[in-house]
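Everything below concerns the one structure shown next.
We count ligands from 1, going down the list as the structure has it; atoms in each ligand are counted the same way.
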Amino acid sequence: MSFSLPAHAVLKGPNFIREVFERGAGIPGFISFGIGNPAPEAIPVKDIQAAFDAVVHDKPMELLQYGPMMGDDHLREQTLQRLLTKRHMPKEGQALLLSIGAGQDLGLVPRTVCQAGDEVYMDAYTFTSAINAVRNVGAVPVSIAMDQDGMIPEDLEKAAQSGKGKYIYLIPNFQNPTGITMSLERRQAIYEIASEYDLFIYEDDPYGEIRFTADEVPTFKSFDKENRVLYAGSYSKTLSAGLRVGFLYGPAEVIGAIQVLKNNCDGQMPLVTQRVVSHLLDTIDYDKQIAKVARVYQEKWKVMKDTYDQYGSSKVTFTNPTGGMFVWMTMPDGVDSKAFFEDCMQHKVGIVPGAAFATDGSLTSQSFRLSYTFPDLESIRTGMEVVAKLTRAYC
Ligand SMILES: Cc1ncc(COP(=O)(O)O)c(C=O)c1O
């Protein structure tokens with residue numbers, strides 16, 4: 001039979017991230033700065049193996065039944081305590097739902113809070129799945145201009161004047177794809193606009209604890225006096241992405257509705273993986289584990305940057321990530337960025353064209369996202385030398 005799928009279910013335009021992945025997979029010796037996978041050496045494999053062993057032998061019959069709708073009780077409590085004590089979030093009026101990574105929340109939130117035609121305000125360049133999830137419900141992703149500090153409040157306010165806004169989607173820490181961290185002043189200004197136009201803030205923070213410096217900018221949720229922030233977090237980048245455990249924390253009424261939708265889609269989360277995470281939090285030094293992840297990423301970013309500085313054109317600009325997994329590289333106007341991308345691919349190095357992340361769907365960009373976490377140090381040196389030398393041929 002031939003299916004006639006509704007427009008919102010059909011991806012528009014090319015999928016650049018998949019293209020880099022698929023083309024690279026067929027090239028021997030290909031070095032990819034395209035995939036946003038955590039570093040293998042930062043995953044505590046032995047601890048995770050021991051945790052699986054422990055949880056399958058401890059109360060197996062409990063584990064092999066359906067679990068609680070909101071997620072494993074002990075893991076919810078551990079997660080909540082961390083949000084309250086380490087991230088200084090409010091407790092009153094809030095609820096916490098465990099989810100299949102922060103990725104699942106990207107779909108659940110717009111499906112719960114948006115109607116067709118509602119506007120969602122997003123950074124001009126942001127996480128592709130977040131943009132697509134908004135489109136999938138017939139809501140409208142609205143591109144808001146950014147500078148080196150993230151979303152520009154004045155531009156947000158202009159857009160919000162339409163009166164059609166539902167929420168603002170932000171990755172305030174070490175943003176994907178740009179690596180930018182939003183300053184506290186910027187966060188406060190955006191919160192004020194949200195308040196004035198009665199918008200939710202969807203704060204997506206899977207990288208927030210992976211910091212290269214001691215400076216921590218308070219989360220939106222930590223100063224959420226009006227209970228309008230939905231905060232998403234994840235154990236993917238600090239423990240293991242394969243476990244697929246994340247969470248959503250926010251207004252109890254909204255979380256309750258999201259939980260019902262989640263239950264209709266996929267039922268309860270597997271208890272096995274939730275208990276593995278929970279066991280790890282009880283038995284390892286989690287802060288030390290996060291510090292290790294940050295150390296590994298910081299070293300990799302440094303190697304990438306030093307290699308570029310040695311061989312690359314000074315006309316290309318880079319953001320300066322102080323945590324997380326990504327950096328944003330921008331070629332001067334007039335440079336043929338498509339040809340540059342193809343040249344990198346021909347030289348067996350994958351970078352992701354910025355258009356992959358464009359909220360307005362534009363197909364060209366002078367920027368590229370590079371992830372420094374997955375390749376080993378030697379591959380980063382080799383791959384970045386190639387990219388850097390090629391920039392000199394272009395500008
Ligand atoms: C901004 C952002 N949100 C959410 C996710 C999903 O993470 P996970 O589902 O692994 O927790 C990612 C992963 O790359 C991301 O970059």
Side-chain angles (χ1 to χ4, degrees), residues 15-18 20-21 32-40 42-43 48 71 75 79 82-83 96-110 120 122-134 141 146 150-151 167-182 201-210 219-221 229-250 258 262 265-266 269-270 273-274 276-277 290 293 297 319 321 323-328 352 354 356-359 369-374:
N15 183 333
F16 292 109
I17 301 178
R18 192 189 302 161
V20 173
F21 180 77
S32 182
F33 298 132
I35 48 168
N37 278 23
I43 300 173
I48 293 174
L75 180 57
T79 305
R82 194 168 177 89
L83 295 180
L96 188 140
L97 173 71
L98 293 173
S99 56
I100 306 173
Q104 187 179 32
D105 306 328
L106 295 171
L108 292 173
V109 172
V120 175
M122 311 181 97
D123 286 322
Y125 294 96
T126 192
F127 188 40
T128 317
S129 304
I131 306 170
N132 289 336
V134 168
M146 310 165 74
M151 184 179 279
Y167 66 89
I168 310 164
Y169 173 77
L170 294 163
I171 311 162
N173 295 313
F174 325 124
Q175 199 244 22
N176 181 5
T178 64
I180 288 173
T181 293
M182 188 183 276
I201 292 175
Y202 178 172
E203 178 171 32
D204 193 9
D205 195 30
Y207 309 103
E209 295 199 287
I210 305 174
T219 60
F220 279 92
K221 190 73 209 166
V229 178
L230 279 164
Y231 176 89
S234 179
Y235 291 103
S236 284
K237 321 292 173 177
T238 54
L239 291 172
S240 153
L243 294 174
R244 309 302 305 125
V245 182
F247 54 91
L248 194 61
Y249 183 64
I258 290 175
K262 174 171 159 39
C265 297
D266 56 36
M269 294 179 57
T273 45
Q274 295 177 76
V276 165
V277 171
I290 294 173
V293 176
Y297 291 3
T319 52
M325 301 172 57
F326 307 105
V327 65
W328 191 240
V352 185
F357 311 95
T359 295
R369 185 191 80 174
L370 281 70
S371 173
Y372 41 78
T373 53
F374 189 71

Please list, in number order, the atoms of ligand 1 under 4.0 Å from a heavy atom of [X].
| X | value |
| --- | --- |
| G101 | 8 (P), 9 (O), 11 (O) |
| S234 | 8 (P), 11 (O) |
| K237 | 13 (C), 14 (O) |
| S236 | 8 (P), 10 (O), 11 (O) |
| R244 | 8 (P), 9 (O), 10 (O) |

Does G246 reach ligand 1, in the sense of a heavy atom lying below 4.0 Å from it?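 No.
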When you compare the side chain of [Y] with that of [X], does any pair of heavy atoms fall below 4.5 Å?
| X | Y | value |
| --- | --- | --- |
| M182 | Q175 | no |
| D123 | F357 | no |
| Q104 | L248 | no |
| F174 | M325 | no |

Starting from atom 4 (C) of ligand 1, what is the nearest protein heavy atom, named by residue and atom, and what distance separates them? D204 OD2, 3.5 Å
If you have a sec, work out which protein heavy atom is nearest atom 5 (C) of ligand 1 and how many Å separate them, to one decimal? F127 CE2, 3.7 Å
Please find out if less than 6.0 Å separates the ring center of Y249 from that of Y231. no
Would one find an N or O of Y207, backbone or side chain, under 3.5 Å from an N or O of ligand 1?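 There is such a contact, yes.
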Geometry only, no angles: is G103 polar-contacting ligand 1 at N/O separations under 3.5 Å?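 Yes - when backbone and side-chain N and O of G103 are compared with those of ligand 1, one distance drops under 3.5 Å.
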Going by the 4.0 angstrom heavy-atom rule, the piece of A102 near ligand 1 is both
For Y297 and Y372, take the angle between the two ring planes, folded into 0 to 90°, and tell me which bin it lands in: parallel under 30, tilted 30 to 60, perpendicular over 60. perpendicular
Option from Y125, F326, F127 for which side chain to side chain contact (heavy atoms under 4.5 Å, CB included) with P177 holds: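 For P177, the side chain to side chain contact (heavy atoms under 4.5 Å, CB included) test succeeds with only one of Y125, F326, F127, which is Y125.
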Provide the closest heavy-atom pair for G34 versus R369 in the form atom of the first, atom of the second, distance.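 Nearest pair, atom of G34 first, then R369: O-NH2, 2.9 Å.
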